[in-house]
Undergrad: 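Take a look at the following structure, please.
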There are 2 protein chains.
Amino acid sequence: MTSMVQQRRRGRPPKSNDGYSLTRQRLIREGVAALTEKGFVASGLEELLTRAQVPKGSFYYYFSSKEAFGLVLIDAYAAYFNAKLDRWLKEEKTEPVERLQNFIGDACQGMERHGFRRGCLVGNLGQELVALPDEYRTALRDVMRGWEERLTACLLLVDPIRACDWARFFWTGWEGAVLRARLERSAAPLRDFEDGFIRLILAP
Amino acid sequence: MTSMVQQRRRGRPPKSNDGYSLTRQRLIREGVAALTEKGFVASGLEELLTRAQVPKGSFYYYFSSKEAFGLVLIDAYAAYFNAKLDRWLKEEKTEPVERLQNFIGDACQGMERHGFRRGCLVGNLGQELVALPDEYRTALRDVMRGWEERLTACLLLVDPIRACDWARFFWTGWEGAVLRARLERSAAPLRDFEDGFIRLILAP
DNA sequence: CATTTAAAAGACGATCGGTCTATAAAATGC
DNA sequence: GCATTTTATAGACCGATCGTCTTTTAAATG
């Protein structure tokens with residue numbers, strides 16, 4: 001529980017850096033979870049700070065603003081998601097299409113584990129772009145481009161000519177499927193999308 | 001401009017009802033626009049009231065809460081969108097697939113007209129469900145079911161067996177395509193999705 | 001040991017959402 | 001004709017939240 005969290009003492013921290021970046025990491029971890037579940041605007045700072053057990057002064061010590069914080073969270077989420085994609089899409093003992101299906105299976109389980117409350121941080125922020133600085137648009141685009149590249153590399157083994165179009169199509173529709181899965185509280189929309197997509201790329 | 005708006009006088013309004021539902025309708029119109037652009041939480045009441053030139057007391061006279069207001073907006077949006085779908089998908093002089101393509105073309109123009117700032121009210125609220133009452137989930141599901149039924153009816157003419165699956169697939173992915181179009185500020189994602197979808201349903 | 005540095009801490013002021021009372025003018029009924 | 005009711009406008013008020021900013025604290029440094 002929260003009583004297990006090692007609370008940071010006031011004053012300058014001792015010289016050892018290793019144990020003392022916990023505050024910032026805790027903020028990032030809680031921030032990613034909040035943005036994945038609620039998006040940016042609905043993620044109030046007070047609640048986040050309470051969850052992370054970090055005083056507001058410390059938050060603003062580490063991040064110049066809530067918006068700057070959000071950009072850091074996008075990077076953190078991208079790193080996490082890219083690692084996940086690499087794990088599944090670069091599995092050389094598996095057929096390319098099956099690699100994608102394994103990723104989808106893992107995604108279904110992940111959403112189910114969180115009661116379909118968590119979606120995709122990128123999708124959430126994408127809906128809120130009007131209220132966010134333009135840097136967010138660039139950051140989110142880059143993340144999705146990275147996803148497309150990874151899937152393209154995987155699907156090149158299926159069809160070198162269409163891989164790129166397929167990858168773009170997949171990630172475009174995938175955001176809709178994640179949104180729908182949260183709405184329905186079911187993995188069925190993800191599976192529906194998978195079925196349709198597989199049928200598309202296996203069509204003559 | 002705003003100076004053209006007929007401002008409502010204090011006191012009980014005259015008996016003629018026709019000209020005097022303008023306040024409520026104005027709120028609904030501005031509300032739908034705000035939710036389509038920013039979603040629920042980011043649509044502050046103060047800004048909305050300023051835009052509609054309606055005092056806060058009047059807002060709470062017509063709607064018991066911001067959340068009740070949102071439900072009314074969902075209905076209003078559904079009515080508007082269903083009318084649009086009917087216009088395009090029931091056009092009997094046009095081939096079924098072309099009807100869908102005409103709807104997509106219209107949607108592309110609509111988004112472009114608004115500088116890709118407006119997306120889909122249902123998609124926006126779908127991302128915010130965690131922060132909204134459960135009635136919203138039901139309402140949004142019903143709206144999307146209605147869309148699926150309309151497209152199914154249209155695609156029955158193409159393939160009676162798969163029409164329903166296709167319609168579900170389409171609307172699931174469509175939300176992702178709208179989201180991506182806003183992110184990219186371009187109709188290309190909508191077109192990409194259209195291409196893939198048409199290829200899917202025309203495959204043997 | 002005085003000063004600097006690094007991080008925690010929380011008070012503060014502005015803004016906003018929701019509540020709620022007052023106001024105003026037409027309708028209604030006696 | 002007038003008191004009362006009805007209908008909608010109007011905005012003050014309060015509590016919560018966000019971002020700002022100064023103070024506090026403790027270790028490092030010279």
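Just so it is clear: chains get the letters A, B, ... in the order the sequence lines come, proteins before strands, and each one is counted from 1. Computed from a prediction, not measured in an experiment: that's the story for all the values here.
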Undergrad: Using the closest heavy atom to pick a nucleotide of DNA chain C for each, name whichever of A:Gly57 or B:Ser64 lands nearer the 5' end.
TA: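 Closer to the 5' end of DNA chain C: A:Gly57.
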
Undergrad: Any idea which of D:dT9, D:dG11, C:dA8 is nearest the B:Lys56 side chain?
TA: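 Ranking D:dT9, D:dG11, C:dA8 by closest atom to the B:Lys56 side chain puts D:dG11 first.
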
Undergrad: Rounding to an integer number of Å, can you tell me how far B:Arg12 CZ sits from D:dA10 P?
TA: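 In whole Å, D:dA10 P lies 18 Å from B:Arg12 CZ.
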
Undergrad: Check the angle between the aromatic planes of A:Phe103 and A:Trp174 and answer parallel, tilted or perpendicular using the 30° and 60° thresholds.
TA: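 Tilted: the ring planes of A:Phe103 and A:Trp174 meet at 30° to 60°.
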
Undergrad: Aromatic rings A:Phe59 and A:Phe63: how do their planes relate, parallel, tilted or perpendicular, breaks at 30° and 60°?
TA: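 Rings of A:Phe59 and A:Phe63: tilted, as their planes differ by 30° to 60°.
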
Undergrad: Classify the side chain of B:Arg10 versus the base of D:dT9 as yes if they form a donor-acceptor pair under 3.5 Å and no if they do not.
TA: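 Check passes, donor-acceptor contact within cut-off.
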
Undergrad: Return the value, rounded to whole Å, for the distance between atom CG of A:Leu48 and atom C1' of D:dC18.
TA: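 It works out to 13 Å between those atoms.
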
Undergrad: Under 4.0 Å between a side-chain N/O of B:Tyr61 and OP1 or OP2 of D:dT9, yes or no?
TA: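 Negative; the distance criterion is not met.
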
Undergrad: Between A:Phe63 (CZ) and D:dT20 (C1'), how many Å, whole number?
TA: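 Value for this atom pair: 17 Å.
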
Undergrad: Check this for me, if you would: do B:Glu37 and B:Arg117 make a salt bridge, where the nitrogen-to-carboxylate-oxygen distance has to be below 4.0 angstrom?
TA: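 Salt bridge between B:Glu37 and B:Arg117, a charged N being under 4.0 Å from a carboxylate O: yes.
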
Undergrad: Taking for each residue the nucleotide of DNA chain D with the nearest heavy atom, is it B:Phe59 or A:Val41 whose nucleotide lies nearer the 5' end?
TA: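 Looking at the nearest nucleotide for each, B:Phe59 comes out on the 5' side.
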
Undergrad: Check every atom of D:dA8, C:dG18, D:dT6 against the side chain of B:Leu45 and return the nucleotide holding the closest atom.
TA: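 Nearest listed nucleotide: C:dG18.
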
Undergrad: Separation of A:Glu46 atom CD from C:dA9 atom C1', in whole Å?
TA: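 Those two atoms, CD and C1', are 13 Å apart.
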
Undergrad: Is there a side-chain polar atom (N or O) of A:Thr23 under 4.0 Å from OP1 or OP2 of C:dA8?
TA: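 Yes, such a contact exists.
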
Undergrad: Give a yes or no on whether the backbone of A:Glu128 and the side-chain of A:Tyr136 come within a donor-acceptor separation of less than 3.5 Å.
TA: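 Checking the backbone N and O of A:Glu128 against the side chain of A:Tyr136, no donor-acceptor pair under 3.5 Å is found.
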
Undergrad: Please confirm whether the shortest side-chain N or O distance from B:Tyr62 to OP1 or OP2 of D:dT9 is below 4.0 Å.
TA: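 It does, given that an N or O in the side chain of B:Tyr62 lies less than 4.0 Å from OP1 or OP2 of D:dT9.
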
Undergrad: Could you state the atom-to-atom distance from CD of A:Glu67 to C1' of D:dC18 in whole Å?
TA: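 My rounded result for the distance is 11 Å.
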
Undergrad: For the pair made of CD in A:Gln53 and C1' in C:dG10, what is the distance, rounded to whole Å?
TA: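 Taking atom C1' of C:dG10 as the reference, CD of A:Gln53 is at 16 Å.
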
Undergrad: Let me know the distance between CZ of A:Arg24 and C1' of C:dA8, rounded to the nearest Å.
TA: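 Taking atom C1' of C:dA8 as the reference, CZ of A:Arg24 is at 16 Å.
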
Undergrad: Under the ring pair (Phe, Tyr, Trp, His ring centres under 6.0 Å) criterion, do B:Phe69 and B:Tyr62 qualify, and how do the steps go?
TA: CA-CA 9 Å; B:Phe69 178 54; B:Tyr62 288 109; over 10 Å; no

Undergrad: Quickly work out the A:Phe40 CZ to D:dC18 P distance and round it to whole Å.
TA: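 Nearest whole value for this atom pair: 10 Å.
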
Undergrad: Identify which nucleotide among D:dT7, C:dG18, C:dA26 has an atom closest to any side-chain atom of B:Lys66, counting heavy atoms from C-beta outward.
TA: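 Output: C:dG18.
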
Undergrad: Any side-chain N or O of A:Tyr60 below 4.0 angstrom from OP1/OP2 of D:dT20?
TA: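 It does not, given that no N or O in the side chain of A:Tyr60 lies less than 4.0 Å from OP1 or OP2 of D:dT20.
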
